[in-house]
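One structure is given below, encoded as structure tokens.
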Amino acid sequence: MSGEFPICSDPFKAHGALAAAAPSPEVSQLRSQLALLQAENEALKQELAALKAASAAAGGAAATAIPAAPAPEASSAGAGAALVRPRPLPSNLQDIAALAALPAADVELQDSVRVAVERDTRTLHVVHITAELAPIGKVGGLGDVVSGLSKACIARGHAVSVIMPFYESLDQKQIEGLKHEMDIDVPKGYVWDGEMRVGALRTSVFQGRVAGVPVYLLRPTDWGACNIFKGGAIYRGSYDEREAYLYMCRASLEFLKCSQQQPHIIQVHDWHAAAVPLLYWEVSLALQLVIGCAEPRVEAAGGEARLGLPGPTAAVPLPLPLPLLLALALALLTMQLPLPLLLAPSAAADYAYHAEGLWRPRIVLTIHNLDNTGEVRQDEFAFTGLPGEQFAQLDKALDERTIGHNPERLNLMKGGVVYSNAVTTVSPTYASDIVNAGAGGFLRPVFNQEHIKLKFSGILNGVDAEDWDPSRDPLLPANYSADLPAGKALCKAFLQQGLGLAVDPRKPLIAVVSRLVGQKNPGLMLAAALRAKETGAQFVLLGSGGQDAGLKRLAEGELKDHPDVRILIMYSERLSHMIYAAADYVLVPSNFEPCGLTQLIAMRYGALPVVRRTGGLADTVRDLDAWQGPGAANGFTFDGADAGSLYTALDRAVALYRTQPQRWQQVSQQNMRADVSWALPAKEYVALYNSIAQF
Ligand code: ADP
């Protein structure tokens, strides 16, 4: 997470909804209403506990007779008597945070999508290597996925841990038991007198737990002497990303070796970690560093001390005796080694990770997004401590687009795919689009080869059902669920008032929570804001990223202080929860979308998704007016990437809310009941792990 509300851009303050810092009479009134609600919930819980005890005593026969907690009042959807809409809202966000921790009335009763966790009989050891992990270091869906998948696999009985950078910007408050684990020497290239040399970078490994997931955090020991992973935000820090992530790849493998871990699976995520399989299969004993020497040097078979010379494959002939060759051939056949290794005779025999004990892992590369594929110069690859030249072949990591250039470059995502035992993408449609259609871009011919195609599978992302659960989300002013949906209307009023919008339950609230980058189509978000205004709906956008200029102009110009539109250019985990809970619709107009989590979170929070039919959005959203296949229709879709196409879906959504509120309510509740958790995806991942693991 790269930060909560910066004080200066607190949207509740910014819109003058509330001024004073000290609690106003209204805040006090709200507090007493909430205290009342808490007391009621407490009483209900006790009543429930007593009923459960009675039912247990009676052999469980009374289980179905437990009465549901009464539905709150003051919403278009509810009919209970307990809850009064807070009006007006607290004077600043600190107040909201303090008041937000309402108890969920009874989660066991209410949470109708809770899925029984299956346990697997065979325990796997899985290590993720990633640039992001929610909530401590998240920019987008990558962080959510690593966290959600890890937790789900742990729940199934597997031993899962995560290796990631120790960013200066990490939210350390959310790491339990953070402690120093060990220091190791990591081979790393650096520029010395205009040339790339290799030395050893002393690296510290820290350990802790994040929401129950064991995490190892890596950073240079002497942080004063280098800026890797420093700065106030992930990806926008003061360090060179290529250098930092190539170093992370090598440091992760060195740590696994030094700590004598022997995972069945190493799962690497996106380009940041894509060099891991290249290193794992190709680091050669013939080119081992002499660690700790005052003058950094490389000991190569030919006595050559500089990088930029032929790599181990070319430099070291392999005079192996016949029995060893036969044994090796057998090992290769049973180990499912990736193709390049089979082609590179020197590497299999003496590559360091195998020879030094790290023999078991098989590698899964997960492609979350091909927007960035990790292009590096061959000499830059030496930030891993290994020369890049040995990968500069068509069947390895050479970037075809640069053939004939000086120098030719490497592509890490291509190399990662070639060297991994299995490749996953985050939805079946995106997998197919990468391999067979345009989404693979210049890499499509590589991915489309028969032996590479076979490695691909698409496994749809899930949503972390604990983090995203309206029935117990502590960031909401009121909790709700499919069975007790009334609190959602209260969340809407709370947000409308807090953001200075007209408080009107009849206006459909369309929300966007997104990175503002080309992929996400900020132009259509802008068109949606204007359309919402025209049609008397409301529009709230929470977004940050490079392509925010048009939206910023709108927010500060034509739509400044508009009663129906609020555009917030910022990142805030907390506000995102409030927006999902308040929204009637969540719009995702992406140009392309590998999976997309926001439409799934929207469903979990009872908002209907309105999406462009591409990638994972096509796999998860079924149009209420057009869907004829299996599964219930759950939102609105459009095909074109232009404003006209967007309106065909947006206008239908607005009309549904206005003219058929009961239908909207029914779909909202159905969406909350849908299983979008990690239960099924985790099962699919475990099946994949088992299909390639060595035991
Ligand atoms: P991507 O990974 O391409 O950004 P996803 O839909 O897979 O898109 O995941 C986006 C995740 O990031 C969601 O959890 C969403 O709520 C969150 N997110 C995106 N932008 C913001 C923001 N400005 N503030 C808070 N959360 C955000």
Side-chain angles (χ1 to χ4, degrees), residues 1-6 9 11 130-149 171 233-236 269-272 366-372 425-427 430 439 459-470 473 475 511-522 525 540-548 551-552 555 566-583 586-605 607 609 611-612 614-617 619-621 676 678 681:
M1 186 161 45
S2 51
E4 286 299 329
F5 288 112
S9 49
T130 175
E132 291 183 39
L133 177 73
I136 58 166
K138 166 182 160 183
V139 175
L142 168 60
D144 286 320
V145 170
V146 179
S147 152
L149 175 59
D171 184 0
I234 300 174
Y235 308 142
R236 279 179 289 128
H269 297 270
D270 267 354
W271 77 269
H272 318 99
T366 297
I367 299 175
H368 297 257
N369 201 325
L370 272 179
D371 221 11
N372 194 341
T425 66
V426 289
S427 70
Y430 193 58
I459 302 180
L460 206 56
N461 282 338
V463 166
D464 189 317
E466 271 177 33
D467 286 353
W468 298 104
D469 181 355
D473 189 333
L475 301 174
V512 172
V513 180
S514 180
R515 289 187 296 125
L516 298 178
V517 294
Q519 171 202 338
K520 304 287 180 181
N521 209 339
M525 296 175 194
V540 172
L541 177 141
L542 173 66
S544 57
Q547 296 197 18
D548 57 7
L551 285 159
K552 248 186 192 157
R566 197 62 71 237
I567 293 173
L568 306 162
I569 307 292
M570 63 192 297
Y571 184 97
S572 169
E573 190 76 20
R574 178 178 300 168
L575 188 54
S576 76
H577 283 242
M578 292 189 195
I579 291 176
Y580 287 120
V586 168
L587 171 68
V588 195
S590 306
N591 281 319
F592 73 94
E593 192 59 73
C595 177
L597 291 177
T598 46
Q599 82 280 13
L600 300 177
I601 300 171
M603 290 185 221
R604 191 98 176 108
Y605 280 67
V611 306
R612 183 156 176 268
T614 175
L617 299 172
D619 287 335
T620 51
V621 182
V676 292
W678 273 101

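Ligands are counted one by one from 1 in listed order, and the atoms in each one are counted from 1 as well. This is a predicted model, so every value here is computed, not measured.
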Trace of the side-chain contact (heavy atoms from CB on, under 4.5 Å) decision for Ile569 with Leu551:
CA-CA 8 Å; Ile569 307 292; Leu551 285 159; 4.2 Å; yes
Are Asn369 and Gln519 packed together at the side-chain level, in the sense that at least one heavy-atom pair is separated by less than 4.5 angstrom?
yes
Checking heavy-atom distances from atom 13 (C) of ligand 1 to each of Asp144, Leu516, Val145, the winner is Asp144
Specify the protein heavy atom at minimum distance from atom 2 (O) of ligand 1: its residue, its atom name, and the distance to 0.1 Å.
Gly141 N, 2.5 Å
Within this structure, what is the CE-CD distance for the pair Met578 and Glu573, rounded to the nearest 0.5 Å?
12.0 Å
Suppose we screen for ring-ring contact (aromatic ring centres under 6.0 Å, His included). Which residues come up paired with Trp678, at least two apart in sequence or across chains?
none
Please identify each residue that fulfils side-chain hydrogen bond (donor to acceptor under 3.5 Å, both in side chains) with Asp270, with sequence neighbours left out.
none
Provide, to 0.1 Å, the distance between atom 20 (N) of ligand 1 and the closest protein heavy atom, together with that atom's residue and name.
Ser514 C, 3.3 Å
Name the closest protein heavy atom to atom 18 (N) of ligand 1, giving the residue it belongs to and the distance to 0.1 Å.
Val513 CG1, 3.9 Å
Return the residue, atom name and 0.1 Å-rounded distance of the protein heavy atom closest to atom 22 (C) of ligand 1.
Tyr571 CD1, 3.5 Å
Between CG of Leu142 and CG of Leu597, what distance do you get to the nearest 0.5 Å?
10.0 Å
Ion pair Arg612/Glu593, N-O distance below 4.0 Å:
no
Check ligand 1 against Gly140 and write out every atom of the ligand that is under 4.0 Å from a heavy-atom position of the residue.
2 (O), 4 (O), 11 (C), 12 (O)
Atom 6 (O) of ligand 1 [closest protein heavy-atom partner, distance rounded to 0.1 Å]:
Leu597 N, 2.8 Å
For Gly596, atoms of ligand 1 separated by under 4.0 Å from a heavy atom:
6 (O), 7 (O)
Non-hydrogen side-chain atoms of Asn521 and Ser590 separated by less than 4.5 Å
no
Report yes or no: does His368 have a heavy atom closer than 4.0 Å to ligand 1?
no
Counting heavy atoms only, which part of Gln599 comes closer than 4.0 Å to ligand 1: side chain, backbone, both or neither?
neither
Could you establish whether Gly543 and ligand 1 come within less than 4.0 Å of each other, counting only heavy atoms on the residue side?
yes
Report yes if some N/O of Val139 lies less than 3.5 Å from some N/O of ligand 1; otherwise report no.
no
Walk me through whether Ser427 and Asn461 qualify under side-chain contact (heavy atoms from CB on, under 4.5 Å).
CA-CA 7 Å; Ser427 70; Asn461 282 338; over 6 Å; no
Ile601 near ligand 1, heavy-atom distance under 4.0 Å?
yes
heavy-atom search around atom 8 (O) of ligand 1 in the protein gives Lys520 NZ, 2.9 Å
Examine the proximity of ligand 1 to Ala134 and report which part, side chain or backbone, both or neither, has a heavy atom under 4.0 Å away.
neither
Protein contact to atom 4 (O) of ligand 1 [nearest heavy atom, distance to 0.1 Å]:
Arg515 NE, 2.6 Å
Do Tyr580 and Asp473 meet the criterion of a side-chain donor-acceptor pair at a distance under 3.5 Å?
no
Who's the nearest protein heavy-atom neighbour of atom 15 (C) of ligand 1, and how far?
Tyr580 OH, 3.5 Å
Under 4.0 Å, heavy-atom basis, I'd like to know which part of Met570 is in contact with ligand 1: side chain, backbone, both or neither.
backbone
Lys520 and Phe592, any side-chain heavy atoms less than 4.5 Å apart
no
Taking 4.0 Å as the limit for heavy-atom contacts, which would you say applies to Ser572 with ligand 1: side chain only, backbone only, both, or neither?
backbone
Would His368 and Tyr430 count as a close aromatic pair, with their ring centres under 6.0 Å?
no
